[in-house]
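Counting convention: from 1, in listed order, for ligands and their atoms alike.
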Amino acid sequence: MTTMSYISTRGGSAPMGFQQAVMTGLAEDGGLLVPCSLPDVRDRLEVWRSLAYPDLAYEVLRLFTDLPDADLRALVDRSYRVFRVPEVVPVVPVGKVHVVELFHGPTLAFKDIALQFLSNCFEYILERENGELNILGATSGDTGSAAIHGVRGRERIRIFIMHPKGRVSPLQERQMTSVLDDNVFNLAVEGTFDDCQSIMKSLFEDVPFKQTHSLGAINSVNWARVLAQIVYFFYAGLRVLEQTGASRVRFSVPTGNFGDILAGYYAARMGLPVGKLILATNENDILTRFFTTGVYAKGTVVPTISPSMDIQVASNFERYLFDRVGRNPEVLRAMMADFKISGRLSVPVGEGGEVDPLFFAGTGTTRDTLDTIRHTYRESGYLLDPHTAVGVSVASRCFRDDEPMLCLATAHPAKFNQAIEDALGEDLAHHPILDQLKEAETRCDCLPADVDAVRAYVQEHCTP
Ligand SMILES: *Cc1c(COP(=O)(O)O)cnc(C)c1O
């Protein structure tokens with residue numbers, strides 16, 4: 001247990017402890033909560049090298065949380081017991097890279113690692129406060145199912161997840177609607193993902209409604225999500241350092257909302273020897289443009305075969321920017337206010353035009369992605385999902401002999417089997433969990449894209 005406190009990037013909230021930060025999510029001033037300082041762990045790495053995943057998770061998390069040690073230990077064990085392999089996060093050599101398999105949780109995507117932990121935190125805190133929580137979310141696929149699987153069956157939590165009817169992949173839809181627990185409500189909204197998001201936003205802005213119904217969010221700005229992801233950078237990095245005898249490693253991270261790579265950035269700042277963080281985007285390249293030019297400018301979203309990275313504004317980026325402006329909330333607030341109006345912000349670049357020497361950024365196009373899936377399969381017999389393939393493709397542009405390359409694998413290939421079929425001409429990617437879904441019973445309610453309809457539905461299905 002520590003006394004680590006959390007502050008808002010926009011300076012408008014009093015310092016708070018971890019449990020309050022988890023329940024708060026987005027700070028009231030619209031900023032993101034960040035730890036007031038980062039621990040330096042360099043003198044612990046020697047010991048951490050030999051720890052199993054849950055043991056290391058416990059050691060890392062306790063530096064940031066205000067939970068009694070025994071309670072945190074139980075919470076960590078509960079979160080990672082549900083993974084299907086004992087290593088939790090196996091690291092597999094594939095050709096010239098080390099693939100960090102983050103997809104062995106219940107929904108076969110890396111978001112399980114954080115959402116299992118976050119759900120257990122919610123349950124723990126609610127039990128102690130004798131509280132209840134009604135989670136309302138909108139999803140275009142992955143987040144919704146990882147959130148549903150995180151909170152299914154929990155007594156004090158109900159979850160309402162909206163998805164655009166007929167517009168998420170049939171597999172992703174089934175992963176959500178086949179969860180039949182009483183506390184899970186799938187809502188197919190007759191509209192687009194944007195409609196779902198704007199309904200969600202309106203309901204969160206309806207303060208009396210939000211308070212009466214203890215409405216909560218589970219989105220990627222919650223600090224607990226970033227925190228849980230810091231662990232696997234240490235776990236995989238230390239493992240590969242040990243195996244190779246190298247003194248530094250590189251990580252390639254397929255990036256959308258900047259959550260995953262932000263965790264890597266924090267791990268590096270805490271003292272993990274990271275030579276480079278490779279930020280890999282698909283054609284939705286706002287972050288690549290930022291890290292190559294210093295200008296962050298909104299574009300329009302184009303759909304790709306790595307849909308979980310199809311974003312334009314990266315919700316976690318503000319945490320990085322905060323450090324970048326010397327942790328000065330006034331400067332950051334002005335920048336964000338400007339960005340809201342102009343859709344553009346910039347930072348000064350170094351002499352060689354370098355934006356940040358820790359980062360190498362690049363875009364993997366659809367073509368690069370399919371080529372990478374094909375090459376990797378032909379040369380190593382290993383199937384990469386399209387998100388992971390974006391990362392491997394960009395990583396191949398900056399290999400360095402003395403720094404092993406770790407590529408984060410963010411989804412099991414069977415989740416995106418159409419891309420595999422497009423690359424290889426055969427439907428090779430399967431997983432029994434997903435195959436069984438075809439037969440599964442499903443439950444889902446259909447609603448018009450209308451705030452009042454969703455408000456009434458939530459009201460009817462939760463006891464305040
Ligand atoms: C969410 C997701 C990503 C992007 O992660 P961010 O934290 O948003 O950068 C990449 N791949 C998969 C499969 C995902 O579900």
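- Of the options A411, A409, G256, the smallest heavy-atom separation from atom 9 (O) of ligand 1 is shown by G256.
- In terms of polar-atom proximity, defined here as any N/O pair under 3.5 Å, D142 does make such a contact with ligand 1.
- Counting heavy atoms closer than 4.0 Å to ligand 1, residue P254 contributes backbone atoms (N, CA, C, O) but none from C-beta onward.
- Residue contacts with ligand 1: K111 is placed with a nitrogen or oxygen under 3.5 Å of a nitrogen or oxygen of the ligand (distance criterion only).
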Pair R81-D77, salt bridge (Lys or Arg N to Asp or Glu O under 4.0 Å): steps then yes or no:
CA-CA 6 Å; R81 210 163 42 211; D77 288 344; over 6 Å; no

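- When atom types are taken as modelled, the side chain of H149 and the backbone of Q175 share a donor-acceptor pair closer than 3.5 angstrom.
- The distance criterion of under 3.5 Å between nitrogen or oxygen atoms is not met by M309 with respect to ligand 1.
- At a 3.5 angstrom cut-off on N or O pairs, F258 counts as close to ligand 1.
- When heavy-atom distances to ligand 1 are checked against a 4.0 Å cut-off, F110 comes that close only through its side chain, counted from C-beta outward.
- Salt-bridge annotation for D181 and R443: absent, with no side-chain N of the basic residue lying under 4.0 Å from a carboxylate O of the acidic one.
- Closest heavy-atom approach to atom 7 (O) of ligand 1 within the set L287, N257, D260: this belongs to D260.
- Checked against a 6.0 Å centroid threshold, the rings of Y235 and Y232 do not count as neighbours.
- Of the protein's non-hydrogen atoms, the one nearest atom 11 (N) of ligand 1 is T410 OG1, 2.8 Å.
- Salt bridge present: E318 and R10 bring a charged side-chain N and a carboxylate O closer than 4.0 Å.
- Using a 4.0 Å cut-off between charged nitrogen and carboxylate oxygen, D338 and R344 do not count as a salt-bridge pair.
- Listed by atom number, the atoms of ligand 1 under 4.0 Å from T255 heavy atoms are 9 (O).
- Look at D142 and K415 and you find a salt bridge, because one of the NZ, NE, NH1 or NH2 atoms lies within 4.0 Å of a carboxylate O, short of that distance.
- Counting atoms of ligand 1 from 1 in the listed order, those under 4.0 Å from a heavy atom of G259 are 6 (P), 7 (O), 9 (O).
- Under the 30°/60° scheme for interplanar angles, the aromatic rings of F290 and Y320 are found to stand perpendicular.
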